[in-house]
Amino acid sequence: MTVIEVKNLKKYFPIKTGLFKQKSFFKAVDDVSFKINQHKVHALVGESGCGKTTISRMLLRLIHKTNGDILFKGREIFDLKGAELKAYRRAVQIVFQDPYASLNPRMKILNTLSEPLVVHNISNKKDYLDIVKHAVNRVGLDSDVLTRYPHEFSGGQRQRICIARALMLSPELIVADEPLSSLDVSIQAQILNLLKGLMDDEKLSLFLISHDLNVVRYLSDEITVMYLGKIVEQANTVELFNKPLHPYTQMLIDAAPKISNIKKKYIQTTETIPSKEATIYSCPLLPRCSKNIDICSKIAPALIKYDGRLVSCHLYNKS
Amino acid sequence: MYKSGRISLFIICTFFILSIFSPILHLQDPYEIKLDSLNMSPDINHFFGTDNKGRDIFSRVIYGAKFSIGITIVSAVISAIIGLSVGIISGYFGGRIDNVLMSLVDFVLSFPSLLLAIAISIVLPSGVYTVMIALAAVNWTSFARLIRGHVMTIRGMAFIDAARAIGCGNLRILIRHIAPQCVTLSLVMMGIKLGGLILTEAALSFLGLGVQPPTPTWGYMVSANRAYILTSPWMVIFPGAAISITALCFNIIGENLSKKYEIN
């Protein structure tokens, strides 16, 4: 069953220009479609600035979309109102990238964690303490953390608290926006195991946003690779890692550091990301791609089905 | 480091408490006109001398402290509450609401502040509350400006997004998440404003627009006795010194607060 279906989602940010100049837009997310299935992990991968976070913010209704649909069990989420919206908020939770900024510094952990219960009027006040205690134990923290303030905790502990907060309402989907990228490597493993454990226990779905391919490989079932606001490849995890089709995916996988190839020379990706204006008529990856052919500089590739997967590259276009 | 602040706070509290308990301190009656002791210079019976109606200046200065200090603090609190509400709403919602509210602030700021306070005191019936309203009406703008800027930086932080994601409404976000972050800042601003407020209060009473005689406010005492400044300077010096010392103490407290919370 599909929890969230995203269809042709677009988000254009207007660029401020002069009084008489034509209005222009920055296409942060351009025509993106994917599905998040129940009890599965869908990962979104791409480098900084490719629109991953923008998508997560739209999924949470924190910003408006420009065009397209985000369907939650068949209903457009931007049309939800009142009780339905509340139910959606309850069903979809987020864990942010920066655990230092995502907890209110003036609120005790108990208040931060019981707030979802208060807002959604769940059970009575007497039980809050027990529910919250259970939640912090589940993410591996002692119940004496509840009387403390966020600044008394390390990054890993804070991220656990954020995960506990996301779990308070027993959601169906958790959006994890780079949950590991601001943590130490040793802590990353803990949080990763925690997420994995929760996935097995809670039967929830996870939308994992990351630029770390090792993490994605460990956790996810399906992967969408994004580049400059567009999808370049979409496949299930095993297939994608066994045989990455798109040159960009190959580049990403190749660039991920591994112990076994510590002395290996990485493929040069020093070429800066091209501006959008420069690549209207060509493949956006052109200046960084080692496999480019004639057509790449003339027509931007479309997303096509190839071998049961989706890829947007001229190399696989048979017609 | 904060010693000066503590001393200042102690001085002001002493003034205020003495003033409140003045009826049971067996001071001389601040209102009693004694024709046998006009214009007396300071001595053992009258520490600060007497004025041209024979009233004891020491007991009048002590008695007047509760008006001057009380009015200053209450009007600072009122300004902070108004400024905080306007600033939070303006900074959080932005857009058109922000434009309207900030135009209002600009409108108030475009008057010279003392002139606006005078205008309000003339229009409303004179009394303690009028002075408070006049002072608050002039001073809330700086709170609003400051808080608005602060809220605009908080608004974009992840924990506000997190609150919205768990389903908090705007009102809850404003009260539970944003307002508590602004309290320290308004406290510091209040400390900075107090010194100016007590001077404005004194100026209003000096001009005869503050609390009305025979209530002995410091500003009024300076104003009423200014004709005697050359012949009997104590009539003006002591109430004047009281104004200066409290203003200085308030300023030191304000400075200490801003140092303590590292806000400049």
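Naming convention: chains lettered A, B, ... in sequence-line order (proteins, then strands); numbering from 1 in each chain.
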K.L.:
Given that the side chain runs from C-beta out, which part of A:Arg57 has a heavy atom under 4.5 Å from chain B: side chain, backbone, both or neither?
P.N.:
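It is the side chain, since no backbone atom gets that close.
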
K.L.:
Do B:Val61 and B:Trp218 come close enough that some side-chain heavy atom pair is under 4.5 Å?
P.N.:
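Answer yes - side chains close enough.
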
K.L.:
Return the option, out of A:Val95, A:Ile94, A:Val119, with the maximum number of heavy-atom pairs under 4.5 Å with chain B.
P.N.:
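Option with the greatest count: A:Val119.
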
K.L.:
Indicate whether the side chain of B:Lys193 and that of B:Ser142 have a donor and an acceptor atom separated by less than 3.5 Å.
P.N.:
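There is such a pair (donor and acceptor under 3.5 Å, judged by atom type) between the side chains of B:Lys193 and B:Ser142.
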
K.L.:
So A:Ser205 and A:His42, side chain to side chain donor-acceptor pair (under 3.5 Å) or not? Walk me through it.
P.N.:
CA-CA 8 Å; A:Ser205 324; A:His42 191 109; over 6 Å; no

K.L.:
What part of A:Val92 gets within 4.5 angstrom of chain B, counting heavy atoms only: side chain, backbone, both, or neither?
P.N.:
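Just the backbone, heavy atoms under 4.5 Å.
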
K.L.:
Using a cut-off of under 4.5 Å for heavy-atom pairs, which of A:His120, A:Glu115, A:Arg90, A:Lys86 has the most such pairs with chain B?
P.N.:
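Among the listed options, the one with the most contacts to chain B is A:Glu115.
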
K.L.:
Look at the side chain of A:Gln159 and the backbone N and O of A:Pro179, then say whether any donor-acceptor pair between them is shorter than 3.5 Å.
P.N.:
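Side chain of A:Gln159 to backbone of A:Pro179: a pair is present.
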
K.L.:
Would a 4.5 Å heavy-atom cut-off, applied to side chains only, mark A:Gln157 and A:Glu152 as touching?
P.N.:
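With C-beta onward as the side chain, the pair stays apart.
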
K.L.:
Is there any residue in residues 164-176 of chain A with a non-hydrogen atom under 4.5 Å from a non-hydrogen atom of chain B, and which ones are they?
P.N.:
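Within residues 164-176 of chain A, the residues under 4.5 Å from chain B are A:Arg165, A:Leu169.
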
K.L.:
Contact part of A:Leu60 toward chain B, heavy-atom cut-off under 4.5 Å: side chain, backbone, both or neither?
P.N.:
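Side chain only.
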
K.L.:
Can you see which heavy atom on B:Phe16 is nearest to which on B:Gly70, and at what distance?
P.N.:
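So the minimum-distance heavy-atom pair works out to CE1-N, 3.8 Å.
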
